[in-house]
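Shown next, in structure tokens, is the structure this report addresses.
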Protein chains: 2
Amino acid sequence: MADDVFKALADPTRRAILDELRERDGQTLFELCGRLAMRHGSSASRQAISQHLAVLEAAGLVRTRREGRYKFHDFDPAPLEHLLDRWLGDDGDDGSAVAPDGRD
Amino acid sequence: MADDVFKALADPTRRAILDELRERDGQTLFELCGRLAMRHGSSASRQAISQHLAVLEAAGLVRTRREGRYKFHDFDPAPLEHLLDRWLGDDGDDGSAVAPDGRD
DNA sequence: GGTACATGCAAGTTATTACTTGCCTACCAT
DNA sequence: ATGGTAGGCAAGTAATAACTTGCATGTACC
């Protein structure tokens with residue numbers, strides 16, 4: 001689960017997509033293509049971005065809604081919320097807490 | 001810079017190494033091999049782990065100090081501290097804050 | 001119905017990453 | 001010195017990920 005999120009964040013193009021969606025939610029694939037090219041200097045093709053969006057959606061970072069022939073993409077920050085807590089919580093080598101969630 | 005950190009976090013073995021070092025700082029390569037095998041079910045070889053450590057060190061997540069024939073590894077959480085802020089700060093499409101640091 | 005636009009799918013290619021193999025250097029003890 | 005332990009380097013292989021190409025589907029609008 002968290003593995004998908006880390007993998008999704010590993011690519012600079014995907015991080016740019018998140019930046020772009022965070023700033024303006026509900027963009028279509030074509031809109032994203034244009035804005036990424038202009039504002040982030042991305043040279044990725046439509047298909048490449050489409051595949052990146054699929055990865056982001058699989059990680060739960062992007063939600064989509066279909067309307068007619070358009071598909072709108074929304075950024076969902078929830079999976080990021082406690083992603084790094086396992087390393088940032090005040091340091092502990094005690095034996096009490098091993099985290100309630102399965103990690104990898 | 002941040003790119004190296006995201007890339008470093010993308011691998012489950014490397015995340016397990018961070019978990020292990022966070023719990024017990026200053027482990028040697030051999031120590032890590034043993035503990036990863038036992039406690040994380042890792043089957044990675046010494047060389048594989050050595051290379052993972054190099055990636056983590058390049059990302060600034062692990063610092064090393066040499067003492068005689070031993071090399072101790074310490075976890076440094078600093079690069080993680082504000083890694084996700086760009087997406088988690090209260091939502092904004094205003095024009096004021098674009099973050100002072102170069103991202104990707 | 002026909003055409004144009006928005007997106008989807010799948011096979012193939014290239015690039016990157018993880019891992020292995022084999023040998024090498026440094027340190028310490030006997 | 002010799003042997004054993006901790007670690008390093010580099011070239012090669014295997015696995016995975018990113019991207020391309022070409023065609024298919026679905027929807028709106030005339």
Can you find a pair of side-chain heavy atoms, one from W87(B) and one from L21(A), that are under 4.5 Å apart? no
Nucleotides 21-30 of chain C: protein proximity per nucleotide (B base, S sugar-phosphate only, - neither; heavy atom, under 4.0 Å): B-----BS--
Looking at residues at least two apart in the chain, or sitting in another chain, which of them share a side-chain hydrogen bond (donor to acceptor under 3.5 Å, both in side chains) with H73(A)? none
Rounded at 0.5 Å granularity, tell me how far CG in D19(A) sits from CZ in F75(A). 8.5 Å
Using a heavy-atom cut-off of 4.0 Å to chain A, what are the terminal contacting nucleotides of DNA chain D, in 5' to 3' order? dA17(D) to dA28(D)
In whole Å, what is the span from the CG atom of L56(B) to the P atom of dT17(C)? 14 Å
Heavy atoms, side chains only, cut-off 4.5 Å: are D11(B) and V55(B) in contact? no
Members of residues 29-41 of chain A that approach DNA chain C, where some heavy atom sits under 4.0 Å away: L29(A), F30(A)
In whole angstroms, the gap separating P of dA6(C) from CD of Q27(A) amounts to 14 Å
Looking at H52(B), I'd like to know whether one of its side-chain N or O atoms comes within less than 4.0 Å of OP1 or OP2 on dT17(C). no
Give the rounded distance in Å between these two atoms: CG of L9(B) and C1' of dT17(C). 16 Å
Side-chain contact, heavy-atom cut-off 4.5 Å: T64(A) with L53(A)? no
Would you mind reporting whether D4(A) and L61(A) have side-chain heavy atoms less than 4.5 Å apart? no
Is there side-chain contact between Q27(B) and F72(B), with at least one heavy-atom pair below 4.5 Å? no
dT16(C), OP1 or OP2 - any side-chain N/O from K7(B) closer than 4.0 Å? no
Full working for salt bridge (charged side-chain N to carboxylate O under 4.0 Å, His left out) between E23(A) and R39(A): CA-CA 12 Å; E23(A) 190 169 322; R39(A) 308 165 35 107; 2.6 Å; yes
F6(A) atom CZ is separated from dT17(C) atom C1', nearest whole Å, by 18 Å
Please tell me if the side chains of F6(A) and L83(A) come closer than 4.5 Å, counting only heavy atoms from C-beta onward. yes
Whenever both distances are under 3.5 Å in a Watson-Crick or G-U wobble pair, mark it; put DNA chain D into dot-bracket that way, with [ ] for crossing pairs and | when the partner is on another strand. ||||||||||||||||||||||||||||||
With rounding to the nearest 0.5 Å, note down the distance linking CZ in R22(B) to CG in D76(B). 13.5 Å
Taking A8(A)'s backbone N and O only, do any of them form a donor-acceptor pair with R14(A)'s side chain (distance below 3.5 Å, no angle check)? yes
Would you find a donor on one side and an acceptor on the other, under 3.5 Å apart, between the side chain of E31(B) and the backbone of T28(B)? yes
Those residues at least two apart in sequence (or on a different chain) that pass salt bridge (Lys or Arg N to Asp or Glu O under 4.0 Å) with D74(A) are R65(A)
